Every structure is written in C-alpha cells, then in structure tokens.
Amino acid sequence: MQQIILNIPDNKYKFFLELIKNFNFVKVKEDEYIEPTKEEILEGLKDAFNEVRLHQEGKIKLKPAKDLLNEL
C-alpha cells in the first residue's frame, strides 16, 4: 500500500475530504490536531509567566532559547 501526503487549503479541505472518501480503495486518516480553546491558551500563558517569575526569583532554571531551537 502506498501513502500520499497532501497539503489542502483550509477552504477546500471539507470538499476534498468528502470527495476522496467516496473512493472505496482509499483509506483516510484524518489529522488528529485539536485546536486549543481560549481557556487552554490562557492557562498555558499563565503557566509560562509563572515559570518566568520563578526563574527571576532564582527558584528554577530555564533552558536557553538556543537549546530549545536545537531540539527542533
């Protein structure tokens, strides 16, 4: 079995997905990305600012940005 990865514009995604699902020989694995809610984003920011505060107080040590980029 072969695999194809396609990049579809957001405004055409639902149409393309509906079209491709009509082929019985195609198996579709939809993207499992779930967009975070506003509350989840705010909670993440709150946690990040708390970590910065703890770092400034000398209670924790943060990784340098260069190390974080190198992990990518």
Side-chain angles (χ1 to χ4, degrees):
M1 179 176 276
Q2 298 293 318
Q3 184 177 14
I4 299 174
I5 298 174
L6 302 168
N7 293 316
I8 309 294
D10 291 339
N11 65 337
K12 302 290 184 183
Y13 179 76
K14 285 184 181 183
F15 167 77
F16 183 79
L17 195 58
E18 189 65 34
L19 176 69
I20 202 75
K21 283 182 177 180
N22 285 300
F23 294 105
N24 62 355
F25 58 89
V26 174
K27 293 183 182 184
V28 176
K29 180 182 177 192
E30 291 190 53
D31 192 8
E32 297 176 11
Y33 173 75
I34 299 172
E35 191 165 331
T37 64
K38 181 179 177 180
E39 290 79 19
E40 291 170 329
I41 293 170
L42 291 174
E43 185 65 28
L45 286 171
K46 185 173 127 182
D47 291 344
F49 284 121
N50 189 43
E51 286 184 8
V52 169
R53 182 182 55 78
L54 291 172
H55 174 72
Q56 289 174 334
E57 293 172 358
K59 295 180 180 176
I60 64 170
K61 184 173 178 172
L62 298 176
K63 283 186 182 181
K66 187 174 183 177
D67 290 348
L68 292 172
L69 292 173
N70 286 334
E71 289 178 12
L72 300 176

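Below, each value reflects all heavy atoms present in this structure, side chains not excepted, and no hydrogens, waters or symmetry copies. From a predicted model like this one, the values you see are computed outputs, not experimental measurements. We number each residue from 1, following the sequence as shown.
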* Asked: Taking atom CD1 of Ile4 and atom CD1 of Ile20, what is their separation to the nearest 0.5 Å?
  -> 8.0 Å
* Nearest-0.5 Å distance, CZ of residue Phe49 to CG of residue Leu54 -> 13.5 Å
* Asked: When you look at CD of Glu71, are more than 12 heavy atoms from neighbouring residues, nucleotides or ligands closer to it than 6.0 Å?
  -> yes
* Structure fact -> Separation between CG (Asp47) and CG (Leu42), nearest 0.5 Å, reads 11.0 Å
* **Residue pair Val52 / Leu62: nearest heavy atoms and the distance that separates them** => CA-CD1, 4.4 Å
* Asked: Got a sec: does the CG of Leu72 have more than 12 other heavy atoms crowding it under 6.0 Å?
  -> yes
* Structure fact -> Looking only at heavy atoms, the pair that brings Ile60 and His55 closest together is O-ND1, 3.3 Å
* Asked: Should Val26 and Phe15 be regarded as members of a common hydrophobic cluster, given that ILVMFWY residues are connected when their side-chain heavy atoms come within less than 4.5 Å of each other, either directly or indirectly?
  -> no
* **Pairing of Arg53 and Glu57 as salt bridge, 4.0 angstrom limit** => yes
* Do you reckon Leu19 sits in the same ILVMFWY cluster as Ile5, going by side-chain contacts under 4.5 Å, direct or chained? -> no
* Do any N or O atoms from the side chain of Asn70 and from the backbone of Lys66 form a donor-acceptor pair under 3.5 angstrom? -> yes
* When rounded to the nearest 0.5 angstrom, what distance separates CD in Gln3 from NZ in Lys27? -> 12.5 Å
* Asked: Should Asn50 and Lys46 be marked as a side-chain contact (heavy atoms from CB on, under 4.5 Å) after you check the CA-CA gap, both sets of side-chain angles, and the distance that decides it?
  -> CA-CA 6 Å; Asn50 189 43; Lys46 185 173 127 182; 5.8 Å; no
* **Separation of Lys14 NZ from Ile8 CD1 (nearest 0.5 Å)** => 15.0 Å
